[in-house]
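Proteins get letters first, then strands, A, B, ... in listed order; numbering begins at 1 in each.
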There are 2 protein chains.
Amino acid sequence: MKTSARQRGAAGPHGALGTRDRIVRTASRLMQRQGYDGTGIKQISQEAEATLGSVYHFFPGGKQELAVAAIRHGEKEFADELREILDGEDDPAEAVVACTRRLAEGLRASDWVDGCPVTATALGTAGRVPDVQRAAAEAFAHWRRLVFDRLRRAGFAEDDAHDLSHTVISTLEGAELAAQVSQDDRPLHAAGRHLARLIDLHRPGAARS
Amino acid sequence: MKTSARQRGAAGPHGALGTRDRIVRTASRLMQRQGYDGTGIKQISQEAEATLGSVYHFFPGGKQELAVAAIRHGEKEFADELREILDGEDDPAEAVVACTRRLAEGLRASDWVDGCPVTATALGTAGRVPDVQRAAAEAFAHWRRLVFDRLRRAGFAEDDAHDLSHTVISTLEGAELAAQVSQDDRPLHAAGRHLARLIDLHRPGAARS
DNA sequence: CTCTAGATAGAGCGTTCGTTCTAGAAGGGA
DNA sequence: TCCCTTCTAGAACGAACGCTCTATCTAGAG
């Protein structure tokens with residue numbers, strides 16, 4: 001019996017999730033918007049409809065452990081979306097453009113509030129909380145790996161795929177950041193067009209300068 | 001009498017700066033590293049060797065006004081550096097590569113702690129503090145303008161220069177972010193190589209696909 | 001039934017937060 | 001000389017912080 005039927009009666013904005021899941025999802029969403037220091041444990045427990053006791057029951061390591069779980073949750077969420085988009089297009093260049101469109105839609109739909117789920121948390125704790133920094137680094141590495149694998153599957157050379165996967169993730173992150181700060185999705189659209197050109201340039205069999 | 005001779009005797013880690021300047025510089029540096037919520041007014045006043053009274057004397061608007069001043073300071077600082085590098089190279093593509101090198105040096109020298117001077121502050125206050133968001137948007141726009149002007153001066157078409165300036169700033173920001181989080185400067189070097197290729201692609205007179 | 005581990009509940013701890021407030025020190029103009 | 005503005009100094013306030021602690025409740029094992 002991992003999660004018993006002891007949960008509150010399916011009410012509230014959360015589905016039939018267990019208490020632990022509600023806490024992690026809420027923490028992830030709040031830290032994405034307000035950063036690590038801007039998000040209080042009590043705020044998380046309230047919005048997750050859990051009590052302080054439950055939070056410290058599931059996360060005895062306190063705020064740091066909760067932040068790591070929140071980052072890992074955000075990582076998986078975006079990884080699933082990324083994988084779906086990358087596999088949904090025949091051409092990797094078009095797939096990357098689709099990514100920028102999706103990011104722009106998400107930003108606009110949230111009124112420019114919901115950006116990357118790990119950036120705000122990671123940046124606000126730069127060198128202070130090693131566990132958080134490590135989890136954020138793993139998130140970036142994982143996302144980059146997804147792009148790398150997609151390029152390899154399309155026949156790109158290993159070195160090219162490696163470098164391109166770096167730049168694709170960096171540029172997606174940077175363009176989302178610029179779009180969020182400027183409240184304008186043009187940075188994302190420009191990034192999409194340019195990344196597509198760049199991928200075309202390194203396409204296997206293409207002429208190289 | 002703007003700044004009297006009433007300052008403390010040139011001691012401390014700060015030069016012969018006025019109290020207001022010491023406060024702004026300290027706030028900028030601390031918020032760059034710890035974000036808006038992670039940086040306290042008292043911490044700023046202590047590290048700036050100023051008192052709380054001085055802080056609220058110069059910034060009656062409190063933390064928000066101070067954060068705006070800190071962002072504007074960081075903006076000017078990076079703009080000066082950016083202008084110097086862009087003008088220091090004959091070719092805009094080489095200039096952008098020089099930028100990525102400079103960013104990598106700065107990150108490494110600070111042990112991956114000093115990233116972009118506005119990102120952490122802006123992200124941590126996403127939609128909550130409009131003044132900060134506006135100042136951050138102006139910073140990005142200003143930096144982008146510097147790249148745009150440099151490309152125009154090199155003869156690039158207006159539309160190309162516009163789109164490229166977007167992607168250059170986005171990618172620089174994203175690569176610096178990825179490098180900081182991963183504590184690894186490879187994202188910046190990959191970004192430099194790819195941005196140079198992209199600029200070459202749009203060079204005036206070059207063949208276009 | 002009893003017993004126990006898992007989970008929930010929230011009062012309360014010491015600390016720090018942003019801010020306010022009053023008091024004083026320093027220099028220039030009258 | 002006195003005054004007035006500018007700047008420095010830090011005690012004090014209510015609120016919020018992360019966290020600890022004890023108490024209670026529930027579901028299943030025996």
With no hydrogens and no angle check, do the side chains of T119(B) and E173(B) hold a donor and an acceptor under 3.5 Å apart?
yes
For the residue pair T19(A) and S54(A), confirm or rule out a side-chain donor-acceptor distance under 3.5 Å.
no
Between [atom2] on [N] and [atom1] on [X], what's the gap in Å once rounded to a whole number?
X	N	atom1	atom2	result
I44(B)	dT16(C)	CD1	P	17 Å
D37(B)	dA15(D)	CG	P	20 Å
E49(A)	dG10(C)	CD	C1'	17 Å
Y56(B)	dG10(D)	OH	P	17 Å
L66(A)	dC17(D)	CG	C1'	15 Å
M31(B)	dC17(C)	CE	C1'	13 Å
F58(A)	dC19(D)	CZ	P	18 Å
E65(A)	dG18(D)	CD	C1'	14 Å

Answer yes or no: are there more than 12 heavy-atom neighbours, outside R186(B) itself, under 6.0 Å from its atom CZ?
no
Would you indicate what G62(B) reaches in the nucleic acid, counting non-hydrogen atoms under 4.0 angstrom: base, sugar-phosphate, or nothing?
sugar-phosphate
Sugar-phosphate only, base, or nothing, as touched by S45(A) at under 4.0 Å among non-hydrogen atoms
nothing
If you assign G40(A) and S54(B) each to the DNA chain D nucleotide with the nearest heavy atom, which residue ends up on the more 5' nucleotide?
S54(B)
Quick check: on DNA chain D, is the nucleotide nearest G53(A) upstream (toward 5') of the one nearest Y36(A), or the reverse? Name the residue that is more 5'.
Y36(A)
If you write DNA chain D from 5' to 3' in dot-bracket form, with Watson-Crick or G-U pairs under 3.5 Å, [ ] for crossing pairs and | for pairs with another strand, what do you get?
.|||||||||||||||||||||||||||||
Kindly say if T19(A) contacts the phosphate of dT8(C), meaning a side-chain N or O under 4.0 Å from OP1 or OP2.
yes
dA7(C) phosphate, OP1 or OP2, under 4.0 Å from H57(A) side-chain N/O:
yes
In R152(A), R153(A), R145(A), the residue satisfying salt bridge (charged side-chain N to carboxylate O under 4.0 Å, His left out) with D149(A) is R145(A)
Considering only dT8(C), dG10(D), dC19(D), which nucleotide approaches the side chain of K63(A) most closely?
dC19(D)
L52(A) has its side chain closest, among dT19(C), dA11(C), dA9(C), to dA11(C)
Tabulate below the donor-acceptor pairs under 3.5 Å that side-chain atoms of residues 94-103 of chain A make, not counting sequence neighbours, or state none.
{"from": "T100(A)", "atom 1": "OG1", "to": "V97(A)", "atom 2": "O", "distance (Å)": "2.6"}
{"from": "R102(A)", "atom 1": "NH1", "to": "E81(A)", "atom 2": "OE2", "distance (Å)": "3.0"}

Kindly state whether the ring of H189(B) and the ring of H194(B) have centres lying under 6.0 angstrom apart.
no
Report the residues that fulfil side chain to side chain donor-acceptor pair (under 3.5 Å) with T26(B), sequence neighbours left out, ordered by chain and then residue number.
none
